[in-house]
Amino acid sequence: MEKTQTGLGIYYDHTKLQDKYFFGGFFNLAQNNIDNVIKAFIIKFFPERKDKDINIAQFLDICFKQNDADSDFQKKIKFLKIHFPVIGFLTSDNDKAGFKRKFVLLLKAISELRNFYTHYYHQPVEFPSELFELLDDIFVKTTSEIKKLKKRMIRRSNFLIKIFRKNTTSDTNNRLKD
């Protein structure tokens, strides 16, 4: 059981009915961000389209077609990656169908969780095992990328520390000579 605690010992439990509103706010914000990115995507890549308000299912069917050129697909992915960094972990070797399937899984999960937490009474949510496999895969890729970045930062910081020490000792020696 995961608890979120504030300064006065108040905590919110995602399993309690009376605390659902707290978590529902986060999912409302996530859904709003997704809708805004979809609108911006439509404006950028399909300016001739009059109806800018489309739902998620329409978005994926309209915007990511199997016969899209690889360069167009990469441009669309690059735009989405700016707003949704997780997109970088969904793409592999221009597999358009795989990307679309994984993206649908994530978007549906957010939508279902939003509905669950924003409605006081709601049936329990069932997720496919493929979603959990995808989340595990994303977690592994994220941790390995963080480890790489951390190693690079450690090397840089060690290099900077050596330079700093060298400069400070030479400055100290120069001051002593003067």
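The minimum heavy-atom distance linking F46 with C63 is given by the pair CE1-SG, 3.5 Å. Q123 approaches F116 most closely through the heavy-atom pair O-CD1, 3.5 Å.
Between F84 and F103, the two ring planes are tilted [angle within 30° to 60°]. Using a 30° and 60° split on the angle between ring planes, F22 and F26 fall in the perpendicular class, above 60°.
The main-chain N or O of L107 is never found under 3.5 Å from a side-chain atom of S111 such that the two would form a donor-acceptor pair. Side chain of K81 to main chain of G88: no donor-acceptor pair is present (N/O by atom type, distance under 3.5 Å, no hydrogens or angles).
Residues D61 and K100 have side chains in contact (heavy-atom distance under 4.5 Å, counting atoms from C-beta outward). Proximity of L135 to L106: side-chain heavy atoms (C-beta onward) are separated by under 4.5 Å at one or more points. Annotation: side chain of L134 is in contact with side chain of L90 (closest heavy-atom distance under 4.5 Å).
I110 and L29 fall into different hydrophobic clusters, defined by Ile, Leu, Val, Met, Phe, Trp and Tyr side-chain heavy atoms under 4.5 Å apart, directly or through other members. Both I34 and F45 sit in one connected hydrophobic cluster of ILVMFWY residues. Membership requires side-chain heavy atoms under 4.5 Å apart, directly or through other members. The cluster map of Ile, Leu, Val, Met, Phe, Trp and Tyr, joined by side-chain heavy atoms under 4.5 Å apart, puts F139 and L105 in different clusters. In this structure, F127 is a member of the same hydrophobic cluster as I138, with clusters built from ILVMFWY side-chain heavy atoms closer than 4.5 Å.
One distance of note links CD1 of I87 with NZ of K102; it measures 11.0 Å at 0.5 Å rounding. Atom CD in Q31 sits 9.5 Å away from atom OG1 in T118 (nearest 0.5 Å). The CD atom of E48 sits 9.5 Å away from atom CD1 of I42, with the distance rounded to the nearest 0.5 Å. Within the model, atoms OG1 of T91 and NZ of K78 stand 13.5 Å from one another, a figure rounded to the nearest 0.5 Å. Taking CD1 of I43 as the start and CD1 of I38 as the end, the distance is 12.0 Å to the nearest 0.5 Å.
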Q: Output, in order, the C-alpha distance, side-chain angles, deciding distance and verdict of salt bridge (Lys or Arg N to Asp or Glu O under 4.0 Å) for R101 and E130.
A: CA-CA 10 Å; R101 184 178 33 63; E130 188 179 9; 2.9 Å; yes
Q: Apply salt bridge (Lys or Arg N to Asp or Glu O under 4.0 Å) to the pair D68 and K76, showing each step before the final yes or no.
A: CA-CA 10 Å; D68 281 348; K76 292 174 183 178; 3.0 Å; yes
Q: Take N28 and N32, measure what side-chain contact (heavy atoms from CB on, under 4.5 Å) needs, and give me the verdict at the end.
A: CA-CA 6 Å; N28 273 335; N32 186 44; over 6 Å; no
Q | ring-ring contact (aromatic ring centres under 6.0 Å, His included) between F64 and F41, worked out | A | CA-CA 12 Å; F64 292 99; F41 186 94; 5.7 Å; yes
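Between the side chains of D70 and Q74, not a single donor N or O lies within less than 3.5 Å of an accepting N or O.
In summary, the aromatic rings of F99 and F73 are positioned with their centroids under 6.0 Å apart.
A salt bridge links D137 and K141; the closest N-O separation between the charged side-chain nitrogens and carboxylate oxygens is under 4.0 Å.
Open room surrounds NZ on K108; 12 or fewer heavy atoms of other groups in view lie less than 6.0 Å from it.
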